[in-house]
Every structure is written in C-alpha cells, then in structure tokens.
Engineer: 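The structure's right below; bear with me while I get my questions together.
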Amino acid sequence: MLKIYNTLSRDKQEFIPIEPNKVRMYVCGMTVYDYCHAGHARVMVVFDMVYRWLKASGYDVTYVRNITDIDDKIIKRALENNESIHVLTQRFIDAMHEDERALGVLPPDHEPRATEYVPQMLAIIAQLEKNGLAYRADDGDVNYAVRKFEGYGKLSGKSLEDLRAGERVDVADNKNDPLDFVLWKHAKDGEPAEVKWDSPWGAGRPGWHIECSAMSSELLGKHFDIHGGGADLQFPHHENEIAQSEGAVLHDEKCKGRFVNYWIHNGFVRVDNEKMSKSLGNFFTIREVLQKFNAEVFRFFILRAHYRSPLNYSDMHIDDAKTALTRLYTALKSSPPATVQVDWQEQHAQRFKAAMDDDFNTPEAMAALFDLANEVNKKFDMKLARQLRALGGVLGLLQRDAQEFLQGDMSAGGMSEAEIQAQITARNAAKQAKNYAESDRIRKDLLAAGIVLEDSAAGTSWRRA
RNA sequence: GGCGCGAUAGCAAAUCGGUUAUGCCCCGGAUUGCAAAUCCGGUUAGCCCAGUUCGACUCUGGGUCGCGCCUCCA
C-alpha cells in the first residue's frame, strides 16, 4: 500500500486513485529561456522516480509535464538575443531533452506547451468571469478576485489576513485586492506580435498560472490524482492553480469542485546551505555538472536523499556518491546487463518495496540495494546479482554494463584502453619473471594516471579511479 | 512581521519508543608476492532544557540555531 505525503493535508495518506489502477499525474516543468540547472534536475529525476514506481506498482500512469514557453523572462531574453521566441524556446527545449536523456529520465506521456493551449485558457477565464471570480481591471488586465474564492490558502496554509499583513506584498495598481493575480495580460506597446493573442478582453497573453489549469484539465480532466513540482511552487503558483481550476468548476457535479487529490513537492537543491536559484546566481547547469561527473552518478546522488529533504550540492558529496555507486556496479561485474523481472517475494525486494511505498523513501530502498550487493559478493550468487540489477532498474539505475561503467567513466584525457592493456601485459610478464619491483612500478604509474588494477584468478582487470 | 520545515556519528543520510540502518572515511583481521576488490570485525550518533514512560534519538512542552515561502523561481 502506497503512502504519499500530501502537501494539502500535511501528512502521509494512503494513495487511492480516482479510477482503479489508473493514475493521472501532472508536474510543473520548466520555463525554457536558459539551460536547466541542478534544481531542475532534481524535479526531473524525482518525478521520474515517482512515475517509475507507480508503473512498477502496476498502475496505468498518464504523466504530463508541461513546458512554459511564454513568459516575461522569455520575451526579455528573446529581445536581448534579437531572436524569435520560438527559436529561443525550441533551442532550450532541445537542450532540456538532452539533459533529461542523460539523466535517465523517461519522457512524460505528454509535454504540452503553454502556447498551444491558449484557447483552453481563454475558456477557463471566461468561466471564471461567469462565476464572478474574474474581473477586468482598468488597465485591461483580467485578474482573479482571490477574496471571492472560498478556501484560498488551503494548500500553502496561508490566510488572506496573514498574507495581507505581510510586508513584502506590494500594493499593485489596478487590482481590487493586492493579492489578486493576473489571468490575462493586456498587450503592451513594443511587444512582439508573437506574444499577442486575441481574446474577448482584447489582445494579450496569458498570466503564468492559468496555463497549468488549462493543460491539466485538457489532458487529464478536471479532477486528477497527483500534482507535483518544486517546493517553491506551492505558493503562489499551485495555490492559484487551485483557485482557477476549482473556481471554474464550482458547480460541476462530476468532480465536485475538487481539482487534485495529492500534491507532491520536492525539496530544494542547495549550495552552501542556501537554495540554488537563478536569482541568487549560485546555480550549476546540468551540463556543467555532467562535464565533471557521470550522469548516473548524479542521478544516484539525487535519489540518495529523500525527495522532500534539502539536498546539498557539492563536488565532495557527488564524489562520495560515485564511490558508493561504484560499489554496486562492482557487485554486478560478472552479471551482464539484461532485462530481468524483479522477484518481489525475495526479502531485499520486500524491504525495497516497503521503503518505496512509504512516501518514496529512496534512501532506505538504496540501503536494501547495498545489503543485496553484500549478499551478492558473499555468495557469488548470479540470481541475486540479477535481482540487484532489476531493483536498481526500478530507480532508473544500474542498467549499464558494469565494466563499461567502471572503465568508461570520465576518461577525458585519460589513457586509452590499448595503452592500459599494453601496460597490463608488461606487468604480467614482470610478475611471471618475479620482477616485482617492475610490476609494482607499472601498477603505481597506472594508479598515478587514474587506473586501478585488480588481480584475480581470472586475470587482471582495471577501472578508472 | 506571518506561516512552515529541519537539527542523527568525521562526512552524507534513513528507520525506529527497548533489537547492526546504509554509503563514504578511519582502525584491525582474512585474502594477496605486494596491492586493489571482496569478506569479517571495530571506533565515531541523535542541538539544549524540562516532561510523559519501566525505558526516548524516536512522544509532549520550552529554548537555541539553520533553512524555506510570503516577489520571478524546480
């Protein structure tokens, strides 16, 4: 039985899908005006893990992760670069897909782009206006009247009074209430034609929050199971999504005004104990990280912490993760990669499953993997090795050929395989002649070049340190 | 200021009201020509102060410190 920590209720709840055996899940994806950073990597990997676990649990999952391809920052960047919005966003969408593939992230079932769902957004705005929740401001924007929506603040645990008392809320012009947010932004002079759509309220473009309400209901229906994203989206983005989506279906009998059953938020990636973010400038792009570290190591590093905990990014920690993952692959050395089924009756698998069912406790699931590796090493048991590989596969790990992982890593500028083999041959000759001074010298030189030799009954093998 | 989250050994990170978490590091042993890998064993825990309890790292209350949201943010 799967339990999920639901941000809405602030506790772990048994997961019961709306439709038996089916899960409909929506995750807020990226705004594509730049390369993805390590924080984005965490969202991708965490929800990929959730997606995989739901599927492994036998659910028929529909996973939607949107792409925000219209927004202030995109427009600004396109103008700076003197290129079209579409060219800019397409370039970063391609880059994002490259990063994802490297991290072993499965493609979502749908990847809707905001610009393709403007009619659906307009329909929701019209419905909100009809329901008395949206109004047209003097400047031409259409705003959401937050005070008219009962239950505003239920996701973030904020009351309107608290929010209003907050010092940091600007009193914006043209809003009936400072907390009201924009549904439709009127077109301004100087904005490219590419960012203008016709609407009953005049030419303009959508506000940020409305796109997710539109795309989720179009692809998953008005009421679906899981909605996810980074913890920073809890407020105001997800709070506003609820106001929009539930406000638009106030009188809809079918979904009884309920938008999402389970809200899942992942914790931040930190640098020096501070949130990694664009505005702080303390971020590393995924490509920067992957220049230094193997992508699977980075994925392993992300999943080694619980998804809701903060994750401190540092080279030292990723190095630590690399050594740990090397241990698992070492146990798989004599087990060729093959698609094998998990034997869920086996005890490590049971522990793994119990951990994953407990709010996706990947650190505990991994502990089971390490215990399993110990058994494999102890017993030389190929069946257990296959089990280790299969369980790793559930997390999107351990699918490579072990030799390839151990030898192929970070070889930039390293010795070629042929050179290494030649050295090994020379060393073995020296060993035969009992010239240990020479054989040790060769091994020492190789070690200095980052090559570790391992003698065994089967011969000498090597790996990169 | 309002709301929320966290504090576990040298580092990272889980579980749990009483029984070895796990990984990295370190020490000892086995193995090895010597190593590496592996195996066996070991050292290092639970921010502070009270309370509940036969017993608390785990529950409750109060501190302290750190972080996040309240503004674009994954």
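Below, chain A is the first sequence line, B the second, and so on; all start at residue 1.
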Engineer: Can you figure out which of B:C70, B:C11, B:C25 approaches the side chain of A:Thr323 most closely?
Structural biologist: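 In terms of side-chain proximity for A:Thr323, the closest of B:C70, B:C11, B:C25 is B:C25.
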Engineer: For A:Thr31 and A:Asp71, does a side-chain donor sit closer than 3.5 Å to a side-chain acceptor?
Structural biologist: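 On atom types as modelled, these side chains do not qualify, holding no pair under 3.5 Å.
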Engineer: So if I take every side-chain heavy atom of A:Lys378 and compare against B:U38, B:C40, B:C11, which nucleotide ends up nearest?
Structural biologist: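 Nearest to the side chain of A:Lys378 among the choices is B:C40.
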Engineer: A:Thr330 near the nucleic acid: base, sugar-phosphate alone, or nothing, with a heavy-atom cut-off under 4.0 Å?
Structural biologist: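 Answer is sugar-phosphate: A:Thr330 comes under 4.0 Å of backbone atoms only.
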Engineer: Of the nucleotides B:A12, B:A21, B:C69, which one has an atom closest to the side chain of A:Phe268?
Structural biologist: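 Nearest to the side chain of A:Phe268 among the choices is B:C69.
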Engineer: Using OP1 and OP2 only, check whether a side-chain N or O of A:Lys275 sits under 4.0 Å from B:A74.
Structural biologist: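 A:Lys275 to B:A74 OP1/OP2: no side-chain N or O under 4.0 Å.
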Engineer: For A:Ala324, which contact category applies under a 4.0 Å heavy-atom criterion: base, sugar-phosphate, or nothing?
Structural biologist: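 Here A:Ala324 touches the backbone only, sparing every base.
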Engineer: Scan A:Phe235 against the nucleic acid and name what it touches under 4.0 Å (heavy atoms): base, sugar-phosphate only, or nothing.
Structural biologist: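 The residue A:Phe235 makes sugar-phosphate contact but no base contact.
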Engineer: Closest approach to the side chain of A:Arg327, judged atom by atom: which nucleotide of B:A74, B:C3, B:C24 is it?
Structural biologist: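 Of the candidates, B:C24 comes closest.
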Engineer: Given B:U22, B:A36, B:C67, which nucleotide is nearest the side-chain atoms of A:Glu454?
Structural biologist: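 Between B:U22, B:A36, B:C67, the one nearest the side chain of A:Glu454 would be B:A36.
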Engineer: Categorize A:Asn361 for me: base, sugar-phosphate, or nothing, with a 4.0 angstrom heavy-atom threshold over every strand shown.
Structural biologist: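 Sugar-phosphate: the residue A:Asn361, judged by heavy atoms under 4.0 Å, touches backbone atoms but no base.
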Engineer: Categorize A:Gly29 for me: base, sugar-phosphate, or nothing, with a 4.0 angstrom heavy-atom threshold over every strand shown.
Structural biologist: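 Touches sugar-phosphate only.
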Engineer: Centre of A:Tyr144's six-membered ring, under 6.0 Å away, within 45 degrees of the axis: is that where NZ or CZ of A:Lys175 sits?
Structural biologist: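 No cation-pi geometry.
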Engineer: May I ask you to check if A:Lys158 and A:Phe235 form a cation-pi contact, with NZ or CZ under 6.0 angstrom from the six-membered ring centre and within 45° of the axis?
Structural biologist: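 Cation-pi check for A:Lys158 and A:Phe235: passes.
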Engineer: Taking atom CD of A:Glu150 as the centre, does the number of heavy atoms from other residues, nucleotides or ligands within less than 6.0 Å exceed 12?
Structural biologist: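 At most 12 heavy atoms, drawn from other residues, nucleotides or ligands, come within 6.0 Å of this atom.
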Engineer: B:A14 phosphate, OP1 or OP2: any side-chain N/O from A:Ser309 under 4.0 angstrom?
Structural biologist: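 Yes.
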Engineer: Heavy atoms under 4.0 Å, any strand shown: does A:Val269 hit a base, just sugar-phosphate, or nothing?
Structural biologist: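 Base contact.
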Engineer: Choose from B:A13, B:C67, B:A36 the nucleotide whose nearest atom is closest to any side-chain atom of A:Asn273.
Structural biologist: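 Comparing B:A13, B:C67, B:A36 against the side chain of A:Asn273, the answer is B:C67.
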Engineer: Which is true for A:Met44 with a 4.0 Å heavy-atom rule: it touches a base, it touches only sugar-phosphate, or it touches nothing?
Structural biologist: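 Nothing, no heavy atom under 4.0 Å.
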Engineer: At 4.0 Å (heavy atoms only), tell me whether A:Asp455 reaches a base, stays on the sugar-phosphate, or touches nothing.
Structural biologist: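 Contact class for A:Asp455: base.
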Engineer: Assign A:Ser279 to base, sugar-phosphate, or nothing according to its heavy-atom contacts below 4.0 angstrom with the strands shown.
Structural biologist: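 Counting heavy atoms under 4.0 Å across all strands, the contact made by A:Ser279 includes a base.
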Engineer: Tell me what A:Arg427 touches on the nucleic acid: a base, only sugar-phosphate, or nothing, going by heavy atoms under 4.0 Å.
Structural biologist: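 Base, at least one base heavy atom under 4.0 Å.
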Engineer: Examine B:A37: is either OP1 or OP2 under 4.0 Å from a nitrogen or oxygen in the side chain of A:Arg463? Give yes or no.
Structural biologist: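 Result: yes.
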Engineer: Have a look at A:Asp371 and say if it touches a base, only the backbone sugar-phosphate, or nothing, with a 4.0 Å heavy-atom cut-off.
Structural biologist: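 Counting heavy atoms under 4.0 Å across all strands, the contact made by A:Asp371 is with sugar-phosphate only.
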Engineer: Pick base, sugar-phosphate or nothing for A:Ser439, based on heavy-atom distances below 4.0 Å to the nucleic acid.
Structural biologist: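 Answer is base: heavy atoms of A:Ser439 come under 4.0 Å of a base.
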Engineer: Which nucleotide, B:G33, B:C11, B:U38, lies nearest any side-chain atom of A:Lys431?
Structural biologist: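 Ranking B:G33, B:C11, B:U38 by closest atom to the A:Lys431 side chain puts B:G33 first.
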Engineer: I'd like a table of donor-acceptor pairs (distance under 3.5 Å, sequence neighbours excluded) in which one partner is a side-chain atom from residues 380-395 of chain A, with atom names and distances.
Structural biologist:
unit_1, atom_1, unit_2, atom_2, d
A:Asp381, OD1, A:Lys383, N, 2.8
A:Asp381, OD1, A:Leu384, N, 3.1
A:Gln387, OE1, A:Asp343, N, 2.9
A:Gln387, NE2, A:Asp343, O, 2.9
A:Gln387, NE2, A:Glu346, OE1, 2.9
A:Arg389, NH1, A:Leu398, O, 3.0
A:Arg389, NH1, A:Arg400, O, 2.8
A:Arg389, NH2, A:Ser335, O, 2.6

Engineer: For A:Asp440, answer base if it contacts any base atom (sugar-phosphate contacts may also be present), sugar-phosphate if it contacts only those atoms, and nothing otherwise; contact means non-hydrogen atoms under 4.0 Å.
Structural biologist: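 A:Asp440: base contact, heavy atoms under 4.0 Å.
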Engineer: Among B:A74, B:G23, B:G33, which is the nearest nucleotide to the side chain of A:Phe370?
Structural biologist: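 Of all the options, the side chain of A:Phe370 is nearest to B:G23.
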Engineer: Taking the six-membered ring of A:Phe293 as reference, does the NZ or CZ atom of A:Lys322 fall below 6.0 Å from its centre and within a 45° cone about the axis?
Structural biologist: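 Judged by the rule (NZ or CZ under 6.0 Å from the ring centre, within 45° of its axis), A:Lys322 is not positioned above A:Phe293.
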Engineer: Taking the side chain of A:Arg443 as its heavy atoms from C-beta onward, which of B:A21, B:A74, B:A35 lies nearest to it?
Structural biologist: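 The listed nucleotide nearest to A:Arg443's side chain is B:A35.
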Engineer: Look at A:Arg464 and B:A36 and indicate whether a side-chain polar atom (N or O) is within less than 4.0 Å of OP1 or OP2.
Structural biologist: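 It does not, given that no N or O in the side chain of A:Arg464 lies less than 4.0 Å from OP1 or OP2 of B:A36.
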Engineer: Just to be sure I understand the rule, does A:Arg42 reach a base, reach only the sugar-phosphate, or reach nothing, if contact means heavy atoms closer than 4.0 Å?
Structural biologist: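 Here A:Arg42 touches no strand at all.
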Engineer: Taking the basic N atoms (NZ, or NE/NH1/NH2) and the acidic carboxylate oxygens, is any pair closer than 4.0 Å for A:Glu417 and A:Arg464?
Structural biologist: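 Salt bridge between A:Glu417 and A:Arg464, a charged N being under 4.0 Å from a carboxylate O: no.
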